Amino acid sequence: MGTKSPDGSPASDESPAIEIRGLRKSYGETVAVRDLDLSVPRGSTFALLGPNGSGKTTTLRILLAIQEADRGELRVFGSTIDRRVLGRIGYLPEERGLYPRMTVIGVLTFLAELKGVPRRAARERVFAWLERVGLQERADDRVQGLSKGQQQKLQFIAAVIHDPELIVLDEPFSGLDPINQQALRAIVADLRGAGHTILFSTHIIEHAERLCDHVCILSAGRAVAQGSLAEVKRGHGGRHVALTLDPWSEPGVATVRGAPETGRVWADGAMLEVALADGASPQSLLRRLVAAGIGLSRFEVVEPSLQQVFIERAGSASLEEGTLV
Amino acid sequence: MSETWIVARREFAAFVRTRVFVLTTLFGPLVMLGFLLLPRVFASPHGSGVIAVIDRSGRGLGESVARSIEDAAQGGDRGLRVRLVKGRPVATPDLVPDSADAVVTLPADVGGGAAVRYEARGAAGLDAVSAVRYGVDHALRDERLRAQGIDPAAVDRALAGTSLEIVRTGQRAEASEASLEPVLYFATFLLYLAVLLYGNAVLRGVREEKENRVVELVLSSVRAESLMAGKVFGIGAAGLLQMAIWVAVGLFVSQYGGGLLEALGGVAPKVPHVPVGSALVVLLFFGGGYFLYAALYAGLGAMATSGQEAQQLQFPAMVPLIVAYFMVFGVMSDPDRPLAVVGSLIPFTSLLVVPARAILGAIGLGELALSAAILAVSCWGALWVGGKVYRVAILATGQRPSFRQVWRWMLES
């Protein structure tokens, strides 16, 4: 677990990495974050999921003291946010940039120093990271001479150069080509293995499902689901059945939809995902479909996909708030 | 290490490496040299401008008028040559030499009410006109004095002026005002230019940080107020370095390069003694004033979403600086007038008015302390307000937030 403090001593308690209570932030009439409660366990990889405009970036900016909340309580490693705490957090903003006329070594050393790393140590760490991402030859080049992908690597280095216990990544995969996405996923996996707490925001479910063990779904500034991945899926409505009609037929789909065991149905061609109604068993549904003479090539009890949870939770909440997803 | 110091060090290093800084540092002294030499370059060259004097007075006044005009021309270094056409009571056009640029005709009743006529080819040069006016008046005066039996030379001796040395009691300033005036002009202009140049650099730096989108990353480590203060200090330090280089070059030239300047036709500046106390006041108020304007500019830079917008926002903030600049001219004529006192208390003008009065030795310790205190409080206020504006506006993109919006955000935060 990532419980080391900057001076190497163990943390005094096991409070969550992040604890947010009743956070609210509005811009004029627009409420960006409304009464958000959030708890990020230490050592977890936590995805903040939400459609555009759901308040993810605002929440992260408040966490990093870049913006001030209207009200609410916020603690990181059990402490209120101050410079010492900020030194334990690494941040990769969604809006990224570096000083274009500075050298690679200059800009990364500067950013490390701002996080409290002494100059000499900062330079050593920069060289180690540049070697790790294959940019050691470019240390003395100006940032503006590097390709976009290379600059993205520098931005990521800037977020982790001070070996933070908590790494906050805002839409880390946006703008990355598939190779760099893969490289970033590998680094994130390494950091998770080393016990760092990672909080990242994304609106791409696949990334969240692949990387995270905890999730919070935001919609219109409010948390609509939160917990470990399994908890969130379970909390979404018990068991689901994935089935494939073989052959596909309209009456077949109608039979599935009309069965008393069926709750909601999501159809994607011949493949259907059925949320079972309260108290219904998958065996009962299977018997009914076989008795009706419907051909099936797949009938499997599954957990609801994060995609389903996300669309339903974020979508319905947005509709309640009168906004579109 | 303080976060403000780390930011200031980066800003200093980045600013002194810019092409603008290197070029202005190198060419600044050359421009100053130009200021010393250009008046001579543009002045009428020696030998040009021939004035013909046609004497119809019939009493030989032409010769003394011609001599007086020449004296006036030489005294003012106007490079005029005068040619006397005499012996004919009535001038005809063929008497006027082709080389003459102007003709002065003394009528028969000169001095008795008839006007002296001055005809020039093209526009009448002010230098020549004033030399002619002096020459005619002087010659007539001498003639009248002699008619009264008075020696004009004796009158000149009797009316000879003396040099006035002004000593302000209770202070150490002992230089004469005459020699302080150029220093005042120069110092005021330099301070005005510096605040404008470096304040603008702060505004540009903030805007670039916003455009480069690096600001969010930096703000995740540094408070907005510290980032802004670091930027203002770093660029200010680079500015001080540049001014120190300019002043050092200026002192060196005045000390050792006087002969060379004079050989080139220029006038070597004489640097009067300015007491250390006055110099410190200049430095203190310049520093405070720069900080005040730079913090203001930083807030405006944070609001702007493009270079053009930044320019538009900057202009209103320049107005008090321009007012302060012109205020100094009023202060110079009477450093104790109410305008000077009020200008010393308003922080947006005191940065130029107080140094001017300090150089003249015309500000008391109590007033100085009050001005400094007001400026210090204003700097703190500017840092606070600028930091707030910076924090709420720096991440706003798209349409520029209005002043009203920013004010509301500030209140909400």
Side-chain angles (χ1 to χ4, degrees), chain A residues 24-29 57-58 60-71 81-83 86-103 106-119 122 142-144 151 154-156 158-159 161-162 164 168 170, chain B residues 1-21 204-206 208-227 230-231 234 387-388 390-398 401-402 404-413:
Chain A
R24 190 179 179 89
K25 174 73 182 175
S26 50
Y27 301 103
E29 302 298 310
T57 296
T58 302
L60 298 185
R61 283 177 175 172
I62 293 171
L63 178 67
L64 271 297
I66 295 167
Q67 287 183 320
E68 286 173 18
D70 299 341
R71 62 166 189 254
I81 306 289
D82 56 21
R83 195 179 176 220
L86 285 177
R88 298 167 72 181
I89 310 176
Y91 179 49
L92 177 71
E94 184 183 8
E95 301 275 346
R96 285 163 223 165
L98 294 166
Y99 294 100
R101 284 190 286 274
M102 284 182 86
T103 60
V107 76
L108 291 176
T109 306
F110 166 67
L111 292 168
E113 276 190 281
L114 286 183
K115 285 291 189 186
V117 183
R119 199 172 172 78
R142 285 183 183 223
V143 170
Q144 62 192 5
Q151 291 191 25
L154 298 188
Q155 284 147 359
F156 184 78
I161 188 72
H162 55 296
V168 177
D170 192 2
Chain B
M1 196 187 293
S2 142
E3 53 189 26
T4 305
W5 165 248
I6 297 170
V7 173
R9 205 180 49 195
R10 192 206 81 81
E11 292 294 336
F12 178 86
F15 192 62
V16 296
R17 286 196 190 112
T18 58
R19 205 171 296 148
V20 172
F21 183 86
R204 205 172 45 242
V206 170
E208 277 174 5
E209 246 171 19
K210 187 174 179 173
E211 274 177 8
N212 296 338
R213 298 178 168 184
V214 66
V215 69
E216 191 171 347
L217 185 58
V218 177
L219 284 178
S220 70
S221 311
V222 178
R223 285 179 306 128
E225 291 81 359
S226 304
L227 175 60
K231 195 173 271 300
K388 281 271 183 198
Y390 192 92
R391 179 187 283 276
V392 298
I394 192 76
L395 295 172
T397 50
S402 65
R404 184 183 289 187
Q405 248 173 334
V406 170
W407 177 248
R408 210 177 53 218
W409 293 346
M410 279 172 60
L411 292 180
E412 283 170 2
S413 71

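Numbered from 1 within each chain, the chains take letters A, B, ... in sequence-line order. As the structure is a prediction and not an experimental result, all values here were calculated from the model.
Applying the 6.0 Å contact sphere to CZ of A:R24 captures more than 12 heavy atoms from other residues, nucleotides or ligands.
Annotation: maximal heavy-atom pairing with chain B below 4.5 Å, among A:L86, A:L63, A:L98, A:V168, occurs at A:L98. Considering only heavy-atom pairs separated by less than 4.5 Å from chain A, the leading option among B:L217, B:V215, B:L219 is B:L217. Chosen from A:E94, A:R119, A:Q67, the residue pairing most often with chain B at heavy-atom distances under 4.5 Å is A:R119.
Between A:E113 and B:R9 a salt bridge is recorded (basic side-chain N to carboxylate O distance below 4.0 Å).
If you measure heavy-atom distances from A:A65 to chain B, the contacts under 4.5 Å come from the backbone alone. For B:E209, the part lying near chain A is the side chain, with the backbone staying farther off; criterion is any non-hydrogen pair under 4.5 Å. Only the side chain of A:R101 comes within less than 4.5 Å of a heavy atom in chain B; its backbone stays farther off.
Between A:F110 and B:V7, the closest heavy-atom pair is CE1-CA, 4.0 Å.
In this structure, the side chain of A:D170 does not engage the main chain of A:T57 through any donor-acceptor pair within 3.5 Å.
With contacts defined as side-chain heavy-atom distances shorter than 4.5 Å, the pair B:K231/B:F15 does not qualify.
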